[in-house]
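Below is one structure, written out as structure tokens; the observations come after it.
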Amino acid sequence: MNDRLDPRLGQSASPPADAASIIARMEKTFAAQRAAFALDMDPSREARRDRLSRLLALTEKHQDAIADAISADFGHRSRHETDLAEIFIVLSAVRHMRRHLGRWMRPRRVATPLHMQPARSELIPQPLGVVGVISPWNYPYQLGMVPAAAALAAGNRVMLKPSELTPRFSELLQEIVAEFFAVEEFAVIPGDVEVGRAFSKLPFDHLLFTGSTAVGKQIALAAAENLTPVTLELGGKSPAIIDIDCDIAVAAPRIAYGKLLNAGQTCIAPDYVLVPRARVDEFVAETQQAVTAMYPSLAANPDYTSIVNDRHRDRLTRLVEDAKAQGATVIRIAPTGEQPAALGRKMPATLLVGVDDDMAVMREEIFGPVLPILAYDTPDDAIAYVNRHPRPLALYWFGDDKTRRDQVLHSTISGGVTVNDTCWHFAQENLPFGGVGASGMGAYHGEQGFRTFSKDKPVFHQTGVNAFGLFRPPYGRPFETLVALLKRYF
């Protein structure tokens, strides 16, 4: 009988390995990958394309099992959302890498200054070695496999640590990756927090982490012990700004979709909305209408996703109750009048009107279907509010005025922006994805992912005949004249 967790049963047929034994195997895997890389430090394009092709085959073969395992871990995850936000994103990203890999791998000539000619200069992309990826629970397949694919495309070996909060999926992932890859190429290391802590301390050649800002700081500290470079994809409070003359009937459904995808458990979900004070009621009404149209019921609705666990649901409930206690108006959108007790871990979309920064919901990343609405008086006020807070992973602006749009784009700093919609910049493979400041550092996706997991080695090719001998001692008048010319004209 298969030892992995069966999503239908919710239990394992064999007891889980203890952390110490997992860590021991993990260290052996790291050593094996490091040794394998030393034997092939620059895999051919054919070898890299083969690895990407196996990722495609893995995804296509096991997409049903992946969706089932994720749904079992969540209590319920919309299959359609898994198909779009996990399976499609991975397939699209890997196909994009395969299509462009040859161009990305080619050395790139760079200009050589006149005074250094006839020499030539180039950048040669080179794999780093063994790359570690620590992925989160909210999109466990996509946020693990897309960076892993980028690292493989760049010629590296990869070790992936999935979240302990999705145990069924994590054990499935370990099994299906082992079906298609040798452990020296790509290995999955499931385990608890202790395993994750040990994983982050391995001397990787690059480490990518996706998760909370608080844990990201711990990862950065652990990596610093080995001088391991890190890419941190964190989160924060991503604002949506409704411009003063925005068509709210168009904007509200798009914000509602971005907020309620995966029940709000998305790092780039709009965390709060800045709305012109005179239009708050209009926005509330349009949002209620949009949510009702998308989710006419909740409990038995296969399109609406559950909160991942009781602890997270209880945390969201406390945020709403704290806001209510401090004077916010709470608007729960349950079209058929379903009561919370009948919904299990499905939490209805909840609007909070009249919020302020004293409320916990405006200080913490929400990560759920709760949408605070903040009124503003002038566009400058909205920009100032965003800039008084840590730099967000995403920003959304809705409107038609190009001048005010450009003012927001140039007067705020965020990881990425979608104009007149939410989240879609993430799915555009020609745009890098990453945070800034408290929302992260570094980026991946598309070519940027290839570059993140490569070393662009600078190479200077000197020619047999050149004037560089004039720079050698003994120094004298010719040297002084030449350096004076360089300082003046170059």
Side-chain angles (χ1 to χ4, degrees), residues 211-217 234-244 246 248 251-252 255-256 258-260 264-284 287 312-333 347 349-398 404 407-409 411-417 422 435-440:
S212 70
T213 300
V215 178
K217 291 178 181 178
L234 307 177
K237 299 186 74 62
S238 297
I241 302 174
I242 299 292
D243 193 37
I244 53 177
C246 170
I248 288 180
I255 292 174
K259 183 62 176 180
L260 298 180
Q265 298 164 116
T266 303
C267 59
I268 55 171
D271 193 273
Y272 63 94
V273 187
L274 288 156
V275 182
R277 191 174 303 278
R279 306 190 71 188
V280 168
D281 290 344
E282 179 186 0
F283 179 80
V284 168
T287 302
H312 188 38
R313 180 202 57 196
D314 293 344
R315 172 186 163 273
L316 292 168
T317 300
R318 287 194 299 272
L319 290 178
V320 172
E321 293 306 315
D322 172 77
K324 181 179 180 180
Q326 296 192 59
T329 300
V330 177
I331 303 170
R332 290 185 175 87
I333 307 174
M347 184 176 186
T350 303
L351 308 181
L352 300 177
V353 182
V355 295
D356 60 50
D357 283 1
D358 290 332
M359 300 173 184
V361 75
M362 294 307 295
R363 298 194 305 270
E364 301 177 18
E365 183 179 8
I366 295 170
F367 227 66
V370 178
L371 185 63
I373 299 168
L374 201 66
Y376 73 84
D377 294 309
T378 69
D380 287 341
D381 292 338
I383 292 172
Y385 183 86
V386 172
N387 287 337
R388 284 198 301 271
H389 296 81
R391 292 170 176 176
L393 184 57
L395 183 145
Y396 306 109
W397 184 87
F398 291 83
R404 288 195 294 272
Q407 180 187 10
V408 169
L409 291 177
S411 300
T412 61
I413 298 176
S414 61
V417 176
T422 59
V436 59
S439 62

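What you are looking at is a predicted structure, and each value in this text was computed from that prediction instead of being measured.
The shortest distance between side-chain heavy atoms of Asp380 and Ser411 does not fall below 4.5 Å. Residues Ile366 and Lys237 are in side-chain contact: their nearest non-hydrogen atoms beyond the backbone lie under 4.5 Å apart. A 4.5 Å side-chain heavy-atom check between Pro239 and Tyr396 finds every atom pair outside the cut-off. Considering only heavy atoms from C-beta on, Thr287 stays 4.5 Å or farther from Ile331 through its side chain. Side chains of Met347 and Val320 form a contact here, defined as non-hydrogen atoms less than 4.5 Å apart. Side-chain atoms of Asp322 and Val361, non-hydrogen and from C-beta on, never get closer than 4.5 Å to each other. For the pair Asp357/His389, a side-chain contact is recorded, criterion being any heavy-atom separation below 4.5 Å from C-beta on. Considering only heavy atoms from C-beta on, Leu319 stays 4.5 Å or farther from Val370 through its side chain.
Closest approach of Leu316 and Pro369 over heavy atoms only: CD1-CD, 4.2 Å. Taking all atoms of both residues into account, the shortest heavy-atom contact from Gly415 to Val436 is N-CG1, 3.7 Å. Shortest non-hydrogen contact noted between Arg277 and Ala375 is NH1-CB, 3.7 Å. Minimum heavy-atom separation, Ile242 to Ala251: CD1-CB, 3.9 Å. Pairing each heavy atom of Ser238 with each of Pro392, the nearest pair is CA-CB, 3.8 Å. In terms of heavy-atom proximity, Ile241 sits nearest to Ala382 at CG2-CB, 4.3 Å.
Between Asp356 atom CG and Arg363 atom CZ the span is 9.5 Å, to the nearest 0.5 Å. If you take CZ on Arg315 and CD on Glu364, they are separated by 5.0 Å, rounding to the nearest 0.5 Å. Atom CG of Leu352 is separated from atom CG of Leu374 by 11.0 Å, given to the nearest 0.5 angstrom. One finds the CD1 atom of Ile373 at 13.0 Å from the CZ atom of Arg279 (value rounded to the nearest 0.5 Å). Remark: Gln326 CD to Glu321 CD distance equals 12.0 Å, nearest 0.5 Å. Distance check: Lys259 NZ to Thr422 OG1 gives 10.5 Å after rounding to the nearest 0.5 Å.
A ring-centre distance under 6.0 Å is not found for Phe398 and Phe283.
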inquiry  = Run Ile383 and Thr412 through side-chain contact (heavy atoms from CB on, under 4.5 Å) and show every step you take.
reply    = CA-CA 7 Å; Ile383 292 172; Thr412 61; 4.0 Å; yes
| task | Given side-chain contact (heavy atoms from CB on, under 4.5 Å), test Val408 with Leu395 step by step and report yes or no. | result | CA-CA 10 Å; Val408 169; Leu395 183 145; 3.8 Å; yes
Please evaluate residues Leu274 and Tyr385 with respect to the criterion side-chain contact (heavy atoms from CB on, under 4.5 Å), reporting the C-alpha separation (whole Å), side-chain torsions for both, the decisive distance (0.1 Å), and the verdict. CA-CA 9 Å; Leu274 288 156; Tyr385 183 86; 4.2 Å; yes
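Without hydrogens or angle criteria, Ser212 side chain to Val215 main chain gives a donor-acceptor distance under 3.5 Å. Side-chain atoms of Arg404 do not come within 3.5 Å of backbone N or O of Ile244 as any donor-acceptor pair. Looking only at distances, a side-chain donor or acceptor of Ser439 sits under 3.5 Å from a matching main-chain atom of Arg391.
Residues Thr378 and Asp381 have side chains that bring a donor and an acceptor to within less than 3.5 angstrom of each other.
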